[in-house]
Amino acid sequence: MTELAREQEHLAESRRQLARMRERTASMDGSAAADWVSREFLEATFALRMKQLADDPTVPLFFGRLDYEGGGHGGESFHIGRRHVTGPDGDALVVDWRAPVSTPFYRASSTEPMGVGLRRRYGFQRGELTGFEDEPLTHGHGAEHSAILEAEIERPRVGPMRDIVATIQPEQDVIVRANLSRSICVQGAPGTGKTAVGLHRAAYLLYAHREQLTRQGVLVVGPNASFLRYIRDVLPALGEVEATQATIEELVTQPLPPGKGVRAVEPDAVASLKGESRMAEVLRRAVWSGVGTPTEALVVPRGARRWRVPVHEVEEVLVGLRTRGVRYAAAGAMLAQALAHRVLLRMEEAGESPDDRVQDAVARSAPVRGYVKALWPTLDPARLLHRLLSDADALAAAADGVLDEDEQRALLWDAPPRSAGTARWTLADAVLLDELRDLIERTGSVGHLVADEAQDLSPMMLRALARRSSTGSVTVLGDLAQATTPWGARSWEEALAHLGKADAHVEQLTRGYRVPGQVIEYAAGLLPHVAPGLAPPTSVRRARGELVVDRVGDPVAELPGRLAQVLEREGSVGVVVPDALVDEVSRALAALDHRVLGRNEASDDFGVEVGVEARVEVVAAGLAKGLEFDHVLLLEPADVVAAEHDRLTGLRRLYVCLTRAVTSLLVLHAADLPAELGPPPR
């Protein structure tokens, strides 16, 4: 039997054993549990395990092998794959890529072999093993490049993002395997794999800290639903189905009644003002201004006696609660007990011996409950924000010394809705409501949070994420050169401070593995204008890619013919256009199968048309961030720039659009190109 045949048989046996593991899990029954709670828990555990053991025959179970020569594994070989597969005797047929023994697959080199004598990579075609490539690591040997690795990185893709588990590079692996307690910010140029690195870190942490993170949770936050649709398959492909994925809008509107989420837009200047961190102080003052001022003593009849707590003592209690750092609702609950304690002190002074049961009874008595209700009213976040945005006097009282008069006027509604129930909230309003909810009752925290495209989040949005990661760590992903919101981050130091992780380590990735050299060099001409402090990205691919910039009379009319030529090649195609041209471009492509990203009526939860597989996607420039296509056709760069509220943001949007291509980029334009872009490389 040849070596290739032996490896093919190992793959076949691994699949048989994975099926055995799945059948064994399916046969498990929770009905023998002692009670219904245990039964429900066991059945949920079995269902989760079944999902983790799912097998896709088009995806190889393993992609590499390590042959150890030294260390504790000398003479052993390990096949490295997406999940652990064992035989009936417990021997590992495939070792999970996240296991410590797998680390050298990503980090070993001829200068530091880490005990490995040989590293093997496998080539696959639709799940079938077709070849392998060996790299000796001892005695200073080692390949300068891997053809299989290069082919995998550049392999055309159609549909959602796939995992990069077979191609993780050493600098990426360091981030992926960073300790759970460490918060990391990844400043990543286009094509450096920052999104994939963040998702793989989530998968690694779920493996390394399974019990803790299963209990505390992992949250992945993306910029929009289209982006989440694009990345949603990565974690399940790695056997991880427990992480929650959501947009910032979904997080802050989840507590709102159905149909009462974000239903309005507002000028960028107003949204930016609402997104400033100063608003946190305005809201804090508004919440605590609800605490009343005692005007008369608390009197509690009990038996034949009447116990009295004078006004000055009540004021002392209120000051103490204000300064304890607890949430408004929790402090209100403490008030009754604090007043009851003062009553008990009076009883003890009178010679009685009350215990804790007496204090609880006093705290629940009608006089105390009525007194507390008058001093500490229940607050509703929506009603409170409605009052602030409708009542100039209420806003002035909360914003005095924080916002000037012009800023206060900008926040006030021109035509206030009759009530909070009829208000049409904007996204910035929803973030303020989230802040108010946390001021009243503490928001729950997860064990780890991944925030992608974080450069586009306002300080108040970052505070919303900070609340959800207050007891855990974060992985922040983004690129300051791609900041395209008027409220976006000016620096990572500032953003991390708002996130409550000022001590997070900032790692900069500049080696591009997906965007070809010609394309990234052309786009990088914008960097001195959009992010002069960042190091320019470089492409490590040997293939330079293709870049064509053509001036034509009518780009939309020219598009169908050019697209037909591109479709003769393999891979996904993205037609990236100024937002205003989306409908016109879609009509022009009516004869070709395509879909418009985010604009389908029969859709799943992510706004994607159910059951439709289209190689061509028409993508509004505003939705292009984070996506990639093998071939990109970009229309009218000047219009992409002009559509934004200022030129800096427009140039950053253009930088995003130019860097979505993996193989080829075709730019069609009738208007002059932005001067900052410079001539395309020859």
Would you name the heavy atoms of S226 and L623 that are closest together and state the gap between them?
OG-CD1, 4.4 Å
Does a side-chain heavy-atom distance below 4.5 Å link L465 with I248?
yes
Go through the side-chain N and O atoms of T484 and R652 and say whether any donor and acceptor fall under 3.5 Å apart.
no
Does a sphere of radius 6.0 Å around CD in E128 hold more than 12 heavy atoms from other residues, nucleotides or ligands, not counting ones at 6.0 Å or beyond?
no
I'd like to know if E546 and R569 make a salt bridge, using a cut-off of under 4.0 Å between side-chain N and carboxylate O.
yes
State whether a side-chain donor-acceptor pair under 3.5 Å links S419 with H386.
no
Flag the pair R468 and D434 as a salt bridge only when some basic side-chain nitrogen lies within less than 4.0 angstrom of an acidic carboxylate oxygen.
yes
Starting from the C-alpha separation in whole Å, work towards a yes-or-no answer on salt bridge (charged side-chain N to carboxylate O under 4.0 Å, His left out) for R615 and D593.
CA-CA 8 Å; R615 278 185 64 195; D593 287 337; over 6 Å; no
Compare all side-chain heavy atoms of L634 with those of L668 and state whether any distance is below 4.5 angstrom.
no
Sub-4.5 Å side-chain heavy-atom contact between S539 and E521:
no
Should R467 and E435 be marked as a salt bridge (charged side-chain N to carboxylate O under 4.0 Å, His left out) after you check the CA-CA gap, both sets of side-chain angles, and the distance that decides it?
CA-CA 9 Å; R467 291 188 277 280; E435 180 87 17; 2.6 Å; yes
Just checking, is any N or O donor in the side chain of S664 or H631 under 3.5 Å from an acceptor N or O on the other one?
yes
Residue pair F629, V619: steps toward the side-chain contact (heavy atoms from CB on, under 4.5 Å) verdict:
CA-CA 11 Å; F629 304 91; V619 182; 3.7 Å; yes
Considering all heavy atoms, the nearest A246-L251 contact:
CB-CD2, 4.0 Å
Any side-chain heavy-atom pair from I175 and V186 closer than 4.5 angstrom?
yes
Start with the C-alpha distance between Y655 and R653, add both sets of side-chain angles, then the distance that settles side-chain hydrogen bond (donor to acceptor under 3.5 Å, both in side chains), and finish with yes or no.
CA-CA 5 Å; Y655 181 71; R653 181 76 70 189; over 6 Å; no
Do L654 and P674 have side chains that get closer than 4.5 Å, going by heavy atoms?
yes
Does a side chain donor of either D583 or S586 reach within less than 3.5 Å of an acceptor in the other side chain?
no
Grab the two heavy atoms, one from L658 and one from V519, that are nearest each other, plus how far apart they are.
O-CG1, 3.2 Å
From L633 CG over to Q565 CD, what is the distance, rounded to the nearest 0.5 angstrom?
10.0 Å
I would like to know whether E266 and T426 meet side-chain hydrogen bond (donor to acceptor under 3.5 Å, both in side chains); could you show each step before the answer?
CA-CA 7 Å; E266 59 195 340; T426 66; 2.7 Å; yes
Heavy-atom side-chain proximity of V548 to V667 below 4.5 angstrom:
no
Between OG1 of T167 and CD1 of I164, what distance do you get to the nearest 0.5 Å?
5.0 Å
Looking only at heavy atoms, what is the nearest atom pair of L666 and R562, with distance?
CD1-NH1, 3.5 Å
First locate atom CZ of R409, then atom CG of L412, and finally report the distance between them rounded to the nearest 0.5 Å.
9.5 Å
Please step through side-chain contact (heavy atoms from CB on, under 4.5 Å) for the pair Q187 and L534, ending with a clear verdict.
CA-CA 9 Å; Q187 160 58 45; L534 295 182; 3.5 Å; yes
Minimum-distance pair of heavy atoms, taken over all atoms of E453 and P223
CG-CG, 3.7 Å
Is it true that T247 and N224 share a donor-acceptor pair across their side chains at a distance under 3.5 Å?
no
Minimum-distance pair of heavy atoms, taken over all atoms of V656 and A624
CG1-C, 4.2 Å
How long is the gap from CD on E507 to OG1 on T475, to the nearest 0.5 Å?
12.0 Å
Could you give me the CA-CA distance, side-chain angles and deciding distance for D429 and R424, then say whether salt bridge (charged side-chain N to carboxylate O under 4.0 Å, His left out) is met?
CA-CA 9 Å; D429 292 333; R424 295 174 61 86; over 6 Å; no
Any side-chain heavy atom of P560 sitting closer than 4.5 Å to one from L589?
yes
Salt bridge (Lys or Arg N to Asp or Glu O under 4.0 Å) with K625: which of D452, D479, D456?
D456
Do R595 and E617 pass the salt bridge (charged side-chain N to carboxylate O under 4.0 Å, His left out) test, and can you show the C-alpha distance, the side-chain angles, and the key distance before you say yes or no?
CA-CA 5 Å; R595 64 178 175 186; E617 287 195 279; 3.2 Å; yes
Using a 4.5 Å cut-off on heavy atoms from C-beta on, say whether the side chain of V582 contacts that of L597.
no
